[in-house]
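See structure below.
Keep in mind that what you see is a predicted model, and the values were worked out from it rather than measured. The analysis underlying the following values was restricted to heavy atoms, covering all of them including side chains, and did not include hydrogens, waters or symmetry mates.
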Amino acid sequence: MKIPQSIHDVIAKGPNAHLTTLNRDGSPQVTVVWVGIENDEFVIGHLAMHQKVKNIRRDPRVALSLLSDKTNAQGMREYLVAYGNARITEGDAGPLLQRLAKIYVGPKAVFPPPSMLNIQGYVTRIAPDRFSGVGPWAAKSAE
């Protein structure tokens, strides 16, 4: 599914996102993450084998939510929930996190620190199936 420009615009401003994965027992596991977009997939970098990475490897179903900085005509704060399937790729977490740090921390940010640059890490890639929430993406999802 193509990610609409309205979502690209929100992501470009660096909103913290909530990634929800499923634990082995079916309960939700929620983590705050930095998120970017590459080739119509949401991308998230991880330097270690966190629970979210293990969960996605076992069950790819995820939800990603984030809050926009805009308010709609009815006075409601816009937000996005993207549902889809994720996959984990090994390596390249450092360059992705460096790119995202410029957005989330500041233009001169260095992250990960030089001492951690040799860590390959993992990248979560989420192919969205549908969007919901309050904003122009919700109308696109209903079509």
Side-chain angles (χ1 to χ4, degrees), residues 1-72 75-141 143:
M1 169 177 239
K2 185 165 178 51
I3 298 175
Q5 185 59 47
S6 58
I7 294 175
H8 281 264
D9 295 344
V10 172
I11 296 287
K13 295 178 181 177
N16 285 320
H18 302 89
L19 174 65
T20 304
T21 63
L22 297 172
N23 289 314
R24 187 172 300 284
D25 67 1
S27 64
Q29 195 269 343
V30 181
T31 307
V32 174
V33 296
W34 295 348
V35 63
I37 298 175
E38 293 177 1
N39 302 320
D40 279 319
E41 292 181 314
F42 296 103
V43 291
I44 303 161
H46 322 281
L47 292 177
M49 177 62 73
H50 297 291
Q51 187 62 46
K52 59 189 166 259
V53 174
K54 294 175 187 175
N55 286 348
I56 291 168
R57 283 186 160 171
R58 192 188 66 264
D59 186 335
R61 296 174 297 168
V62 298
L64 186 69
S65 70
L66 52 93
L67 192 60
S68 170
D69 64 340
K70 293 184 179 179
T71 303
N72 73 7
M76 294 182 65
R77 185 77 173 266
E78 292 185 354
Y79 71 93
L80 164 71
V81 181
Y83 300 90
N85 287 299
R87 61 188 165 83
I88 301 293
T89 57
E90 293 192 27
D92 295 329
L96 172 59
L97 289 168
Q98 286 177 350
R99 180 171 60 91
L100 294 176
K102 305 283 186 225
I103 298 166
Y104 282 88
V105 180
K108 295 182 181 183
V110 176
F111 187 87
S115 63
M116 300 176 81
L117 287 177
N118 63 336
I119 298 172
Q120 293 299 305
Y122 307 90
V123 175
T124 294
R125 299 177 184 283
I126 302 170
D129 293 330
R130 66 184 173 96
F131 304 111
S132 67
V134 173
W137 42 82
K140 298 249 184 237
S141 183
E143 293 175 355

Inset, instruction - Applying side-chain contact (heavy atoms from CB on, under 4.5 Å), run through Thr71 and Met76 and close with a yes or a no. - result: CA-CA 5 Å; Thr71 303; Met76 294 182 65; 5.7 Å; no
Inset, instruction - Apply the test side-chain contact (heavy atoms from CB on, under 4.5 Å) to residues Tyr83 and Ser132: give CA-CA distance (whole Å), side-chain angles for both, the deciding distance (0.1 Å), then the verdict. - result: CA-CA 8 Å; Tyr83 300 90; Ser132 67; 3.4 Å; yes
Inset, instruction - Kindly determine whether Asn16 and Trp34 satisfy side-chain contact (heavy atoms from CB on, under 4.5 Å), including the steps that lead there. - result: CA-CA 6 Å; Asn16 285 320; Trp34 295 348; 4.0 Å; yes
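Here the side chains of Leu66 and Ile11 are in contact, with some heavy-atom distance below 4.5 Å. Contact of the Lys70 side chain with the Lys13 side chain is registered, since non-hydrogen atoms from C-beta on lie closer than 4.5 Å.
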Can you give me every donor-acceptor pair (side chain of residues 57-64, partner residue at least two apart or in another chain, under 3.5 Å) with its distance?
residue, atom, partner, partner atom, Å
Arg57, NH2, Glu90, OE2, 2.8
Arg58, NH1, Asn55, OD1, 3.3
Arg58, NH2, Leu22, O, 2.5
Arg58, NH2, Asn23, O, 3.0
Asp59, OD1, Arg61, N, 3.1
Asp59, OD1, Arg61, NE, 3.0
Asp59, OD2, Arg61, NE, 3.4
Asp59, OD2, Arg61, NH2, 2.7

Quick one: side chains of residues 41-48, donor-acceptor pairs under 3.5 Å with protein atoms, not counting sequence neighbours, listed by atom name and distance.
residue, atom, partner, partner atom, Å
Glu41, OE1, Arg87, NH2, 3.0
Glu41, OE2, Arg87, NH2, 3.1
His46, NE2, Thr124, OG1, 2.6

Residues 93-119 side chain polar contacts: donor-acceptor under 3.5 Å, at least two apart:
residue, atom, partner, partner atom, Å
Arg99, NH2, Glu38, OE2, 2.9
Lys102, NZ, Ala109, O, 2.7
Tyr104, OH, Pro15, O, 2.7
Tyr104, OH, Val35, N, 3.1
Tyr104, OH, Val35, O, 3.4

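Heavy atoms only, all atoms of each residue included: Phe131 and Pro4 are closest at CE1-CD, 3.6 Å. Residues Lys52 and Leu19 come closest through the heavy atom pair CD-CD2, 4.1 Å.
Interatomic distance, CE of Met1 versus CG of Asp129, reported as 8.0 Å (0.5 Å rounding). Here the straight-line distance linking atom CD1 of Ile56 with atom NE2 of His50 works out to 11.5 Å at 0.5 Å rounding. Taking CZ of Arg77 as the start and CG of Asn72 as the end, the distance is 11.5 Å to the nearest 0.5 Å. Here the OG1 atom belonging to Thr89 is positioned 11.0 Å from the CD atom belonging to Gln120, to the nearest 0.5 angstrom.
In summary, of the residues considered (Ile3, Val10, Val81), a side-chain contact (heavy atoms from CB on, under 4.5 Å) with Trp137 occurs for Val10 alone.
Heavy atoms of other residues, nucleotides or ligands lying less than 6.0 angstrom from CE of Met49 number more than 12.
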